[in-house]
Amino acid sequence: MEATVTTANNEEKTWGGGDIQPLGASYGKMMMWFFIVSDALTFSGFLAAYGFSRFKFIETWPLADEVFTHFPFMHGVSAPMYYVALMTFILIFSSVTMVLAVDAGHQLKKTKVAIYMFLTIIGGIIFVGSQAWEWKNFIKGEYGAVETKGGSLLQFVDKEGKRVALEEFAVKLPEQRVALTRAEGKWFMEDAESTPTYSVAEIQAGFKAHPDLLIRTENLTAKKKKTVLTRAESESRLNDAKYVVEGANLTRNEYGSKLFADFFFFITGFHGFHVFSGIIINIIIFFNVLLGTYEKRRSYEMVEKVGLYWHFVDLVWVFVFTVFYLV
């Protein structure tokens, strides 16, 4: 049946699509579905680009089990994928509470809607906070590496193949300060935070002083393991070192291919923005529920519409989680 809005001057149809509504949905829900489909195509394009890039550079692509190993309050303990799995569980559970909120809305139970909406908001906040914490660790790095003049990445391991951090063997050499002449002066100097903790010379000196250290390249073997060089090969490759890499950014990445960091920041950041937006919308709907706005309307359709968006965000994360962390 056509819905109409009557004003003093005219009568305007709000649907305008005849007696049959597509899928029996209201105009608001149809518009939400249109947005979800268009946004799904956007995420599909991003993930497809990631997939093509990964398989093009599969030999140097970072191993997720070696990148995402942190867990809150467990410094120094390797817990590969544990916290990411916990984040995923929390987000999926928030989708369950959203389902319960929608169901309570159908039954016009204001109190239950408010409780389940509140739990959904808390789950979203925990997820976004966890994602920010994951970013912090990814940017900061844990072990450090060296980049050669040709762009190859060199990581350091002991004889058992266990990663060794730069701070465990690098030596501090006396700083050599150079007085800049007027011609060599710069208006803007590099940010001190972007300067590596150690220089290439300090890494090379520390490596020579520890004969039990070896170098591991970013190239994968047939067994999906990083290639470990002999001591002689390690010393030879280290002579080509040009940069010290600590953590990851849009320029360099201590974990492997630079593209991995680019895609990680862009895709997870884009998804995180969606979750953050969903939290803000949920908070607005939550306060409207408390004020009795939908109780007066005798309809909680707004809760159902924001629920569609929240379920979409959860589903997208399942694909992002699969692509970045599991495959």
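Only heavy atoms go into these numbers, but all of them, side chains included; no hydrogens, no water, no symmetry mates.
- You'll find the side chain of L108 reaches within 4.5 Å of the side chain of R298, heavy atoms only.
- Considering only heavy atoms from C-beta on, K305 stays 4.5 Å or farther from M31 through its side chain.
- Relative ring orientation between F35 and H274 is described as parallel, the plane-to-plane angle staying below 30° on a 0-90° scale split at 30° and 60°.
- Taking CG of L291 as the start and OG1 of T293 as the end, the distance is 5.0 Å to the nearest 0.5 Å.
- For the pair A79 and F71, the tightest heavy-atom approach, listed with the atom from each and the gap, is CB-CB, 4.2 Å.
- In this structure, K110 and V289 have side chains that are in contact, with non-hydrogen atoms separated by less than 4.5 Å.
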_Derivation of the side-chain contact (heavy atoms from CB on, under 4.5 Å) call for L63 and L220_ = CA-CA 9 Å; L63 300 174; L220 293 175; 4.0 Å; yes
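- L259 contributes atom CG, which lies 13.5 Å from atom CZ of F266 (distance to the nearest 0.5 angstrom).
- Cluster annotation: L315 and I92 are assigned to distinct hydrophobic clusters (Ile/Leu/Val/Met/Phe/Trp/Tyr, side-chain heavy-atom contacts under 4.5 Å, transitive).
- In the hydrophobic clustering of ILVMFWY residues, with side-chain heavy atoms under 4.5 Å counting as a link, I284 and I121 come out apart.
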*For the pair F263 and Y50, evaluate ring pair (Phe, Tyr, Trp, His ring centres under 6.0 Å) and give the outcome as yes or no after the intermediate values.*
CA-CA 7 Å; F263 277 112; Y50 171 86; 5.7 Å; yes
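- Remark: side-chain polar atoms of T227 are paired, donor with acceptor, to backbone N or O of N219 under 3.5 angstrom.
- In the hydrophobic clustering of ILVMFWY residues, with side-chain heavy atoms under 4.5 Å counting as a link, L119 and I90 come out apart.
- Of the possible donor and acceptor atoms, none in the side chain of Q155 sits under 3.5 Å from a partner among the backbone N and O of A145.
- Judged by distance alone, with hydrogens and angles left aside, the side-chain atoms of S236 form no donor-acceptor pair with the main-chain N or O of A232 at under 3.5 Å.
- If you run salt bridge (Lys or Arg N to Asp or Glu O under 4.0 Å) between E66 and each of R216, K162, K225, only R216 comes through.
- Here the straight-line distance linking atom CH2 of W310 with atom CE of M117 works out to 9.5 Å at 0.5 Å rounding.
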*For D158 and L214, run side-chain contact (heavy atoms from CB on, under 4.5 Å): C-alpha distance rounded to whole Å, both residues' side-chain angles, the deciding distance at 0.1 Å, then the answer.*
CA-CA 6 Å; D158 57 21; L214 298 173; over 6 Å; no
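- Neither Y116 nor V275 shares a network with the other; the hydrophobic side chains, linked directly or stepwise wherever heavy atoms of I, L, V, M, F, W or Y lie under 4.5 Å apart, form separate groups for each.
- Here the closest non-hydrogen pair linking S130 and M87 is CB-CG, 3.4 Å.
- Distance check, rounded to the nearest 0.5 Å: NE2 of H70 to CD of E142 gives 4.0 Å.
- Considering only heavy atoms from C-beta on, I279 comes within 4.5 Å of I125 through its side chain.
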*What's the verdict on side-chain contact (heavy atoms from CB on, under 4.5 Å) for H271 and V313, showing C-alpha distance, side-chain angles and the deciding distance?*
CA-CA 7 Å; H271 177 267; V313 168; 3.6 Å; yes
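- E246 and Y143 share no donor-acceptor pair across their side chains, judged by distance under 3.5 Å alone.
- In this structure the side chain of T42 reaches within 4.5 angstrom of the side chain of F270, judged on heavy atoms.
- Between K226 and R163, the closest side-chain pair of non-hydrogen atoms is not below 4.5 Å.
- Heavy-atom minimum distance, V113 versus A101: CG2-O, 3.6 Å.
- The aromatic rings of F43 and F46 sit perpendicular to each other, their planes meeting at more than 60°, with 30° as the lower class boundary.
- Pairs engaging residues 213-257 under the ring-ring contact (aromatic ring centres under 6.0 Å, His included) rule: F138-Y255 [sequence neighbours left out].
- K149 contributes atom NZ, which lies 8.0 Å from atom NZ of K242 (distance to the nearest 0.5 angstrom).
- Between D314 and S94, the shortest heavy-atom distance links the atoms OD2-OG, 3.9 Å.
- Aromatic ring centres of W61 and F55: separated by at least 6.0 Å.
- If you chain together ILVMFWY residues whose side-chain heavy atoms come under 4.5 Å of each other, L238 ends up grouped with V146, L154, F156, V164, L166, F169, Y198, V200, I203, F207, L213, I215, L229, V244.
- In the displayed structure, K56 atom NZ is contacted under 6.0 Å by at most 12 heavy atoms of other residues, nucleotides or ligands.
- Follow the hydrophobic side-chain contacts under 4.5 Å out from F321 and you reach W135 in the same cluster.
- A heavy-atom distance below 4.5 Å is found between the side chains of V320 and W317.
- Of the N and O atoms on the side chains of N239 and E235, not one donor lies less than 3.5 Å from an acceptor on the other residue.
- Of the candidates F73, W133, F68, W133 is the only one forming a ring-ring contact (aromatic ring centres under 6.0 Å, His included) with Y83.
- At most 12 heavy atoms of other shown residues, nucleotides or ligands fall within 6.0 angstrom of atom CZ in F319.
- The environment of Y325 atom OH is dense: over 12 non-hydrogen atoms of other residues, nucleotides or ligands sit within 6.0 angstrom.
- Contact detail for R237 and S152: the closest heavy-atom pair is NH2-CB, 3.5 Å.
- Checked options E301, M32, M98, H311; the residue passing with V306 is M98 (criterion: side chain to side chain contact (heavy atoms under 4.5 Å, CB included)).
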_Checking Y294 against I285 for the side-chain contact (heavy atoms from CB on, under 4.5 Å) test, could you report, in this order, the C-alpha distance in whole Å, the side-chain angles of both residues, the deciding distance, and whether it holds?_
CA-CA 9 Å; Y294 310 123; I285 302 300; 3.2 Å; yes
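- Side chains of T120 and T97: a donor on one and an acceptor on the other come within 3.5 Å.
- Looking at every heavy atom in both residues, L308 comes nearest to I36 through O-CD1, 3.6 Å.
- The number of heavy atoms from other shown groups lying within 6.0 Å of CZ (F118) does not exceed 12.
- Considering CZ of F324 and CD1 of I267, their distance stands at 4.0 Å, rounded to 0.5 Å.
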